Amino acid sequence: MFDLTDTQQMIRATVREFAQRELAPRARHVDESGEFPKESFRKMAELGLMGIPFPEEYGGAGGDTLSFAIAIEEISRVCGSTALGLAAHTSLGTMPIWLFGSEELKRKYVPPNARGETIGAYGLTEPGAGSDSSGTATTATKVPGGWRISGSKMFMTNASVSHVMTVTAVTDKDADKHSRISAFVLDSTWKGITVAKKEDKLGVRGSDTCYVTFEDVSVPDSHLLGERGRGWEYFMKILDNGRIGIGAMALGLAEGAYERALAYSRERKAFGKPIAAHQAVAFMLADMAVGIEAARHLVYAAARLKDAGRPFKKEAAMAKLFASEHAMRTTRDAIQVLGGYGYLNEYEVERYYRDAKLCTIGEGTSEIQRIVISKEVIGKLG
Ligand SMILES: Cc1cc2nc3c(=O)[nH]c(=O)nc-3n(C[C@H](O)[C@H](O)[C@H](O)COP(=O)(O)OP(=O)(O)OC[C@H]3O[C@@H](n4cnc5c(N)ncnc54)[C@H](O)[C@@H]3O)c2cc1C
């Protein structure tokens with residue numbers, strides 16, 4: 001129905017088999033311990049999943065955006081934490097360098113990231129600047145030969161396990177609110193960079209979410225990403241792209257919870273028949289299936305637009321908004337289908353519910369997606 005290419009079908013089959021074999025047995029431990037799944041990342045690197053959309057010449061798999069989305073969908077069906085770490089590494093940790101970096105930066109950082117020898121992180125959000133990232137307070141002060149960066153970043157995925165970080169900082173405080181900001185590529189080991197806190201959280205608990213501080217970090221001129229004053233613009237483009245990945249993650253989480261609910265509803269009996277034969281339960285399953293199909297159409301369509309080099313901002317926001325909100329409905333109702341058992345950790349659907357919530361927040365909340373979509377559909381007024 002989706003007319004996938006042979007390569008895309010092969011990626012789905014390979015990642016599905018890998019996720020069942022390697023990730024499913026560890027998913028509950030990753031959630032309960034909150035430990036970053038290092039071993040899973042090593043195995044994903046072996047399989048070539050750490051750099052799907054980057055050219056082979058730069059260490060990647062030379063795949064398209066849809067292949068990447070399919071891989072994230074399949075991993076999310078079994079482990080949201082691993083999926084978020086991989087999505088952030090690819091779309092946020094490596095993509096900015098690939099899209100906007102100099103050839104020198106690309107050659108240095110993209111191949112090891114794409115091969116999975118190193119991990120990338122991305123710092124836009126700050127304690128005082130989330131949805132409104134133009135409020136960035138981290139500063140980069142010009143010094144001979146480079147910059148000194150001071151400030152902090154909140155919620156940086158992969159930060160404590162990262163080797164490279166791309167961050168925004170104010171370079172031109174008197175310029176307008178967006179051109180004040182530039183972006184920089186930093187080695188995570190550089191002096192002055194401290195992972196001050198690893199956050200404990202509701203879901204995607206094995207993904208690494210950190211508060212990071214920067215104290216007079218010396219950054220050479222060559223590590224300015226692209227042009228001075230364009231960091232905010234670059235990061236917004238990165239988020240457009242990343243939303244396809246978060247949409248795919250939400251889709252996979254919804255599928256994982258739905259499949260468990262469907263299987264359970266056929267087995268569990270109440271009032272002399274399988275609960276699936278009770279219309280109230282059957283209708284919940286029908287609504288889950290409809291939304292999953294719709295979410296898949298939206299996510300794949302956004303990926304295909306991007307792959308065709310066409311505008312995809314609105315479609316990526318729509319895909320992320322719909323898929324993440326449907327993942328919340330599906331995971332909530334999957335718990336309902338399992339009744340009391342759905343509430344127990346052992347049956348795992350409650351983990352999907354907790355993991356899915358992140359998809360309505362990360363890379364722009366649902367409210368921000370509605371702002372993006374409404375601006376696109378309404379256009380300029382007056
Ligand atoms: C697990 C996790 C991983 C993350 N990973 C990263 C990462 O790797 N890198 C990174 O930079 N950030 C990351 N984030 C941060 C994430 O992108 C922000 O949390 C998100 O953009 C919202 O920002 P905020 O938390 O500051 O909320 P706020 O911006 O303070 O928003 C609070 C509430 O107000 C609403 N709101 C704000 N403005 C408006 C408006 N104009 N109209 C209507 N409602 C509005 C929001 O929708 C929300 O409901 C991560 C977050 C989490 C939870």
Side-chain angles (χ1 to χ4, degrees), residues 30-31 34 36 72 76 79-97 113 119-138 151-162 164-169 177 181 183-186 188 195 197-214 225 231-232 234-243 245-247 249-250 253 316-317 320-321 324-325 327-328 351 354-375:
V30 166
D31 175 59
F36 178 79
I72 294 293
S76 304
C79 183
S81 293
T82 305
L84 179 64
L86 177 63
H89 164 77
T90 309
S91 307
L92 306 181
T94 314
M95 194 58 85
I97 308 173
N113 263 12
I119 291 183
Y122 162 99
L124 174 67
T125 309
E126 299 190 357
S131 303
D132 182 9
S133 51
S134 67
T136 298
T138 295
S152 61
K153 295 288 172 185
M154 190 73 200
F155 300 117
M156 263 176 94
T157 302
N158 294 338
S160 84
V161 292
S162 73
V164 55
M165 326 178 142
T166 309
V167 301
T168 46
K177 70 175 186 169
I181 297 170
F184 296 87
V185 179
L186 317 178
S188 306
V195 174
K197 189 178 173 209
K198 194 178 158 190
E199 307 290 353
D200 194 4
K201 54 197 188 296
L202 175 76
V204 286
R205 291 174 43 76
S207 72
D208 184 71
T209 311
C210 303
Y211 173 56
V212 182
T213 59
F214 303 86
L225 186 77
W232 185 84
Y234 296 155
F235 271 42
M236 292 303 110
K237 288 192 174 140
I238 287 300
L239 291 180
D240 289 340
N241 174 72
R243 282 168 190 156
I246 299 296
M249 179 180 163
L253 289 168
K320 188 217 183 243
L321 175 65
S324 60
E325 299 212 331
M328 285 313 294
R351 170 163 57 81
R354 290 184 285 105
D355 286 357
K357 188 65 195 136
L358 178 270
C359 300
T360 69
I361 297 171
E363 303 201 29
T365 61
S366 291
E367 293 71 36
I368 295 303
Q369 304 314 311
R370 288 188 169 92
I371 292 174
V372 170
I373 296 161
S374 59
K375 278 187 180 158

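Indexing begins at 1, ligand by ligand and atom by atom, following the structure's order. Owing to the predicted nature of the structure, the values given are computational and were not obtained by experimental measurement.
- Counting only heavy atoms of the protein, atom 2 (C) of ligand 1 lies nearest to Leu358 CD2, 3.6 Å.
- Of all the atoms in ligand 1, the ones that sit under 4.0 Å from a non-hydrogen atom of Glu363 are 17 (O).
- For the pair Glu325 (side chain) and Thr360 (backbone), a donor-acceptor distance under 3.5 Å is absent.
- For a threshold of 3.5 Å applied to N or O pairs, the pair formed by Thr365 and ligand 1 contains at least one separation below that value.
- For Asn158, the heavy-atom gap to ligand 1 stays at 4.0 angstrom or more.
- Looking at Thr209 next to ligand 1, no N or O pair under 3.5 Å apart turns up.
- Without hydrogens or angle criteria, Glu126 side chain to Met154 main chain gives no donor-acceptor distance under 3.5 Å.
- Between the side chain of Ser81 and the backbone N or O of Gly206, at least one donor-acceptor pair lies under 3.5 Å.
- Side-chain atoms of Asn158 never come within 3.5 Å of backbone atoms of Ala121 as a donor-acceptor pair (strictly under, hydrogens ignored).
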- [ ] Apply side chain to side chain contact (heavy atoms under 4.5 Å, CB included) to Met236 and Leu124, showing your working.
- [x] CA-CA 10 Å; Met236 292 303 110; Leu124 174 67; 3.9 Å; yes

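- Here the two rings, on Tyr211 and Phe155, have centers that are 6.0 Å apart or farther.
- Looking from atom 29 (O) of ligand 1 to the surrounding protein, the closest heavy atom is Ser131 OG, 2.6 Å.
- Proximity to Ile371 (heavy-atom distance under 4.0 Å) selects the following atoms of ligand 1: 40 (C), 41 (N), 42 (N).
- Both the backbone and the side chain of Leu124 come within contact range of ligand 1, each with a heavy atom under 4.0 Å.
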